[in-house]
Amino acid sequence: MSNTKILNKLKNQIIVSVQSSFGEPLYDENVMIAMVKSVMSGGASALRLAGERDIKNVRKFDTEIPIIGITKPKIIPENFEELVYITPSAADCEAVIQAGADVVAFDGTMRQRPSGEKLPEIIDFVHSKGKLTMADISTYEEAENAANLGCDIVSTTLSGYTKESIALNSSLGKNPEEPDYKLLTEIVKNIKCPVILEGRIWTPEQAAKAFELGAFAVVIGSAVTRPHEIVKRFIKKGLKAV
């Protein structure tokens, strides 16, 4: 499938991030396969998957659905907001490409990578393999930089999850529990490449608002694929009401 067709399949659609962390009950291989099939039956037009295992498994039964592939550590460090850990190297990009990803998503910030590679090198490598690039960013400056470097897509994935954006969002009075609509709006207004809203989307209404503001696509994840996080929200809100 050509990159143009992949982008057309993503446009104005809901992408579902089906991920589970090592040690969680849903991390089991067969459970993840069932989860993917479940969200696909509900109408997911594309998937965001972490790791070679899950990407390869999906490709065994579906060769057409667009897959955004990433790598991340089995156990996310406690100081995650200070680290580049989403598909940090060209080797990681190669792994998800070989597994069957159509789009490679990676940390698109300007922070130092553990491999010593620079963001332009990552972008050029993925393009050399004929795949689309997606920069997970946390600020407008990072989105602008990634777009200028030739990234095909930028996503608000890391807003509120990096040291820099946590401080910035606090100074701007953003609600840390809400999607970053302000960042989405600013990027859409000033940057020409497709912009995906990802992060803290819990309701259909929030997704609809993102499209109204110009999102190219919307990624949802925890709201449908992480029961323990869903339960935590019910308990937190319910106890407040008691």
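This is a predicted model, so every value here is computed, not measured.
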When you measure from the side chain of [X] to the backbone N and O of [Y], does any donor-acceptor pair fall under 3.5 Å?
X: Y161; Y: F80; value: no
X: S170; Y: A167; value: no
X: D136; Y: D107; value: no
X: T156; Y: E198; value: yes
X: N169; Y: S159; value: no
X: S128; Y: F125; value: yes
X: T162; Y: S165; value: yes
X: E142; Y: S138; value: yes

Atom pair NZ (K174) and CG (L168), whose distance is rounded to the nearest 0.5 Å
6.0 Å
Measuring from I191:CD1 to E186:CD, what's the distance to the nearest 0.5 Å?
8.0 Å
Heavy-atom pair with the smallest gap, counting every atom of M35 and T225:
CE-O, 3.6 Å
In short, A101 meets I55 closest at the heavy-atom pair N-CG2, 3.8 Å
P77, P73, P114 screened by side-chain contact (heavy atoms from CB on, under 4.5 Å) with L83, the one that passes
P77
Residue that, paired with W202, satisfies side-chain contact (heavy atoms from CB on, under 4.5 Å) out of E229, E177, E178
E229
Chi angles and distances behind the side-chain contact (heavy atoms from CB on, under 4.5 Å) call for T87, K72
CA-CA 6 Å; T87 328; K72 63 181 183 181; over 6 Å; no
Are L10 and V36 connected in a single hydrophobic cluster, I mean Ile/Leu/Val/Met/Phe/Trp/Tyr linked by side-chain heavy atoms less than 4.5 Å apart?
no
Starting from I187, can I reach I153 by hopping between I/L/V/M/F/W/Y residues whose side chains sit under 4.5 Å apart?
no
Is the positively charged end of R113 above the ring of Y85, judged by distance under 6.0 angstrom from the centroid and angle within 45° of the axis?
no
Side chain proximity check, L132 to L7, heavy atoms < 4.5 angstrom:
yes
Positive for salt bridge (charged side-chain N to carboxylate O under 4.0 Å, His left out) with D102, one of R59, R48, K5, K9
R59
Parallel, tilted or perpendicular, as decided by the 30° and 60° cut-offs, for the rings of F22 and Y27:
perpendicular
